[in-house]
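Residue numbers count from 1 along this sequence.
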Amino acid sequence: MAASGDSWVREYNEAVKLADDINSMISERSSLPATGPEAQRHSSAIRRKITILGTRLDSLQSILSKLHGKPSLTEKEMNRRADMVLNLRSKVNQMASTLNMSNFANRDSLLGPEVKPVDAMSRANGLDNQGVVGLQRQIMREQDEGLEKLEETVISTKHIALAVNEELDLHARLIDDLDEHVDVTDSRLQVKLFL
């Protein structure tokens with residue numbers, strides 16, 4: 001087995017450990033109060049880990065696609081690993097839906113279903129040069145459309161982040177004002193106590 005295959009196995013094992021960690025955190029969540037800062041922190045930590053796990057699964061899928069067609073792995077092993085990633089992704093989606101992370105679970109609705117290189121190759125079978133050029137143009141149009149959707153999402157996220165930043169600035173100013181008022185009230189109380 002090639003070194004890249006070994007790194008894939010290590011990465012996959014780390015992803016499985018992270019999934020187990022997330023499962024145990026979800027189980028711990030039931031022992032916490034339903035609301036409150038501790039429950040929110042715990043839920044945020046779980047969401048963060050689920051997002052990291054999703055990124056790792058994307059990385060595993062990417063490594064697999066790069067290994068496709070290389071003599072280091074058989075087709076059967078490639079399919080087995082693809083199934084392993086698919087099964088783990090299914091578990092991640094279940095965990096995400098447990099936490100109502102609908103955006104994560106429906107990531108395909110944002111980016112569209114993943115087109116595997118094998119699918120693109122099978123579409124090109126039997127085409128002459130002009131057909132291949134036409135197929136490439138069509139694929140580029142589809143990619144451009146996907147990038148436009150992604151750009152809209154990034155811009156929307158940017159606006160949300162700016163709004164959150166403004167809200168945090170407002171809250172910081174309100175807390176500073178409250179702190180000043182508390183100091184003034186405390187000073188007045190101290191003066192009255194000594195009179």
Side-chain angles (χ1 to χ4, degrees), residues 1-122 142-143 146-147 149-158 160-161 164 168:
M1 187 175 284
S4 59
D6 291 342
S7 66
W8 188 92
V9 171
R10 276 193 303 275
E11 183 79 21
Y12 178 79
N13 288 336
E14 289 177 17
V16 169
K17 286 179 190 172
L18 184 56
D20 292 341
D21 187 32
I22 293 167
N23 269 331
S24 65
M25 288 178 76
I26 289 173
S27 297
E28 290 172 12
R29 193 174 76 146
S30 62
S31 66
L32 296 173
T35 59
E38 185 179 349
Q40 288 177 342
R41 275 193 297 274
H42 193 74
S43 292
S44 294
I46 294 171
R47 285 185 172 89
R48 190 170 43 253
K49 287 188 177 197
I50 288 175
T51 303
I52 291 168
L53 182 54
T55 304
R56 283 195 176 172
L57 291 175
D58 292 342
S59 173
L60 285 168
Q61 190 70 41
S62 173
I63 293 169
L64 263 185
S65 65
K66 290 175 185 171
L67 291 174
H68 189 74
K70 302 252 168 101
S72 60
L73 295 174
T74 64
E75 188 68 29
K76 184 177 180 182
E77 179 65 13
M78 290 291 293
N79 290 336
R80 185 182 75 82
R81 290 183 181 195
D83 287 343
M84 290 166 62
V85 172
L86 188 64
N87 289 337
L88 193 53
R89 190 176 298 277
S90 173
K91 288 179 184 176
V92 171
N93 287 340
Q94 288 174 350
M95 289 185 276
S97 66
T98 300
L99 295 172
N100 294 327
M101 289 177 67
S102 57
N103 292 343
F104 182 86
N106 296 324
R107 191 150 73 180
D108 284 344
S109 68
L110 172 64
L111 301 176
E114 183 179 349
V115 177
K116 298 179 182 173
V118 177
D119 294 337
M121 292 299 293
S122 65
E142 291 169 359
Q143 289 174 342
L147 286 173
K149 288 180 184 177
L150 184 60
E151 179 186 24
E152 290 172 8
T153 303
V154 169
I155 290 171
S156 172
T157 304
K158 175 186 171 187
I160 291 170
V164 167
L168 286 173

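- Considering every non-hydrogen atom in both L88 and A15, the closest pair reads CD2-CB, 3.8 Å.
- The structure places CG of L57 at 12.0 Å from CD1 of I52, a figure rounded to the nearest 0.5 Å.
- Closest approach of L53 to I22, counting heavy atoms only: CD2-CD1, 3.9 Å.
- Atom-to-atom distance recorded for R41:CZ and R48:CZ is 11.0 Å, nearest 0.5 angstrom.
- Taking OG from S44 and NZ from K49, the interatomic distance works out to 13.0 Å, rounded to the nearest 0.5 Å.
- Taking each heavy atom of D58 and R89 in turn, the nearest pair found is OD1-NH2, 3.0 Å.
- Rounded to the nearest 0.5 angstrom, Y12 OH and I63 CD1 are separated by 13.5 Å.
- A salt bridge does not link E14 with K17: none of the charged nitrogens is closer than 4.0 Å to a carboxylate oxygen.
- Looking at every heavy atom in both residues, M25 comes nearest to A45 through CE-CB, 3.7 Å.
- A distance-only check finds a donor-acceptor pair linking the side chain of T157 to the backbone of T153 [under 3.5 Å].
- Distance CG/N23 to CG/L18: 10.0 Å, rounded to 0.5 Å.
- Once rounded to the nearest 0.5 Å, the distance linking CD of E77 with CG of L64 reads 9.0 Å.
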**OP:** Could you please spell out the steps behind the side-chain contact (heavy atoms from CB on, under 4.5 Å) verdict for L60 and M84?
**Re:** CA-CA 10 Å; L60 285 168; M84 290 166 62; over 6 Å; no
